[in-house]
Amino acid sequence: MLLCGPSGSGKSLLAARSGLPVLRLDDFYKEGDDPTLPQVPASSDIDWDHPDSWDADAAVAAIVELCRTSRTNVPLYDISLSARTGEESVDIGRTPLFIAEGIFAAEIVTRCRELGVLADALCLSRGPVKTFRRRFLRDLREGRKSVPFLLRRGWRLMRLERSIIARQSALGAYACDRDEALGRLTAAAAGRCPAATSAR
């Protein structure tokens, strides 16, 4: 089960509430000294909201290994340092379903479907203003980046939120609010998974 949505839309909280095992896709960010990292146009800021700041191949490999063997090793990523700080083992036990959540989850919908490991793909939406507020307070509390960077990023993402959701929907994720997403997660966990989402 892939769960995407704009940064701050409540993906991690929803995944935790579901009771299902969770794979954090944000741990597959590239490190801050990677020369392939994209930049925000007309700025010196790294664009951490661009798919090129993320290692999609490693994320897909981890998902496939979890589906086939129930366990995999994943990096531990510190967003405040823009660096991997270690590695941990993820074990989903005997459950037939787990959530892979992160802002880039929609980027791998097609690949996961083609590999036969996709139950459903959801894009969580809360509205630009609510998402901005939640994202800023979370990032400030966790000391993820400097305050000026967080404000610049937050303003930019608030203006782009509708286009972000439109892109993720076009990639095959079903856009919905928290309650509908939780309902689809519950149905999938009970073996009543909705029809596989296709790109629209």
Side-chain angles (χ1 to χ4, degrees), residues 1-29 48-49 54-55 58-60 62-67 70-81 84-109 112 117-145 150 154 157 161 164-165 168 173-194 197:
M1 175 75 71
L2 293 174
L3 179 61
C4 64
S7 175
S9 58
K11 298 179 297 298
S12 298
L13 182 59
L14 178 65
R17 285 186 58 188
S18 74
L20 294 169
V22 178
L23 176 66
R24 298 185 308 271
L25 296 180
D26 284 356
D27 283 330
F28 294 93
Y29 266 116
W48 295 107
D49 299 286
W54 185 68
D55 190 343
V60 170
I63 289 170
V64 170
E65 188 170 21
L66 274 177
C67 289
S70 297
R71 63 171 50 196
T72 191
N73 291 325
V74 300
L76 286 171
Y77 194 91
D78 189 321
I79 291 177
S80 66
L81 299 175
R84 296 180 179 185
T85 58
E87 187 178 83
E88 70 174 349
S89 177
V90 174
D91 190 332
I92 63 172
R94 300 173 63 88
T95 179
L97 188 71
F98 67 94
I99 296 174
E101 66 92 3
I103 64 172
F104 301 123
E107 303 294 325
I108 57 175
V109 168
C112 287
V117 296
L118 180 67
D120 199 4
L122 306 177
C123 173
L124 198 58
S125 172
R126 298 167 61 96
V129 175
K130 287 183 179 180
T131 303
F132 170 86
R133 184 185 305 116
R134 186 182 186 280
R135 177 176 54 240
F136 180 73
L137 292 176
R138 177 203 64 192
D139 292 350
L140 192 63
R141 182 176 64 251
E142 297 179 4
R144 291 191 172 194
K145 302 292 179 186
L150 295 179
L157 290 180
E161 179 154 329
I164 291 171
I165 293 170
Q168 294 182 350
Y174 176 75
C176 56
D177 61 18
R178 180 188 60 190
D179 292 340
E180 186 175 4
L182 191 57
R184 288 175 74 100
L185 288 170
T186 301
R192 304 188 306 274
C193 185
T197 314

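Numbering of residues begins at 1 and proceeds along the displayed sequence.
Rounding to the nearest 0.5 Å gives a distance of 7.5 Å between CD1 of Ile79 and CG of Asp139. Taking CG of Leu185 as the reference point, atom CG of Leu3 lies at 6.5 Å (rounded to 0.5 Å). The distance from atom CG of Asp49 to atom CG of Leu157, rounded to the nearest 0.5 Å, is 4.0 Å. Here the CD atom belonging to Glu107 is positioned 11.5 Å from the CG atom belonging to Leu25, to the nearest 0.5 angstrom. We find the CD1-SG distance between Ile165 and Cys123 to be 5.0 Å, quoted to the nearest 0.5 Å. Taking CG from Leu137 and CD from Glu142, the interatomic distance works out to 11.0 Å, rounded to the nearest 0.5 Å.
Between the side chains of Glu101 and Ser12, at least one donor N or O lies within less than 3.5 Å of an accepting N or O.
In this structure a side-chain-to-backbone donor-acceptor pair under 3.5 Å is missing from Lys130 to Ser9. Looking only at distances, a side-chain donor or acceptor of Gln168 sits under 3.5 Å from a matching main-chain atom of Ile103. Checked by atom type and distance alone, the side chain of Asp27 pairs as donor or acceptor with a backbone atom of Tyr77 at under 3.5 Å. For Lys11 (side chain) and Gly5 (main-chain N/O), a donor-acceptor pair under 3.5 Å exists by modelled atom type. Of the possible donor and acceptor atoms, one in the side chain of Ser18 sits under 3.5 Å from a partner among the backbone N and O of Ala15.
Contact check for Leu23 versus Val74: side-chain heavy atoms found under the 4.5 Å cut-off. The closest side-chain heavy-atom distance from Val90 to Pro21 is not below 4.5 Å. Inter-residue side-chain proximity for Phe98 and Ile63 is flagged as met; some heavy-atom pair is nearer than 4.5 Å. Counting heavy atoms from C-beta outward, Leu124 and Asp177 have side chains that stay 4.5 Å or more apart. Arg144 has its side chain out of reach of Arg135: every pair of non-hydrogen atoms, C-beta onward, lies at least 4.5 Å apart.
Ring centroids of Phe28 and Trp54 are separated by 6.0 Å or more, keeping the two rings apart.
Nearest approach of Val22 to Leu20, heavy atoms of both residues: CG2-O, 3.4 Å. For the pair Arg138 and Ser7, the tightest heavy-atom approach, listed with the atom from each and the gap, is NH2-OG, 3.0 Å. Summarising the geometry of Ile164 relative to Pro6, their closest heavy-atom pair is CG2-CG, 4.2 Å, with the distance given to 0.1 Å. When every heavy atom of Ala188 is checked against every heavy atom of Met1, the shortest pair comes out as CB-CE, 3.4 Å. Residues Ala58 and Asp55 come closest through the heavy atom pair N-OD1, 3.1 Å. Ser80 approaches Gly143 most closely through the heavy-atom pair CB-O, 3.3 Å.
Taking the six-membered ring for Trp and thresholds of 30 and 60 degrees, Trp48 and Tyr29 have ring planes more than 60 degrees apart, a perpendicular arrangement.
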request  = Report the C-alpha distance between Arg184 and Asp120 in whole Å, list the side-chain angles of each, state the deciding distance to 0.1 Å, and finish with yes or no for salt bridge (Lys or Arg N to Asp or Glu O under 4.0 Å).
outcome  = CA-CA 8 Å; Arg184 288 175 74 100; Asp120 199 4; 3.1 Å; yes
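For Asp91, the salt bridge (Lys or Arg N to Asp or Glu O under 4.0 Å) criterion is met by Arg71, not counting sequence neighbours. By the side-chain hydrogen bond (donor to acceptor under 3.5 Å, both in side chains) test, Thr131 pairs with Glu161, sequence neighbours left out. Arg134 pairs by the salt bridge (Lys or Arg N to Asp or Glu O under 4.0 Å) definition with nothing, not counting sequence neighbours.
Under the side-chain contact (heavy atoms from CB on, under 4.5 Å) test applied with Leu76, the options Arg84, Glu87, Arg24 reduce to a single match, Arg24.
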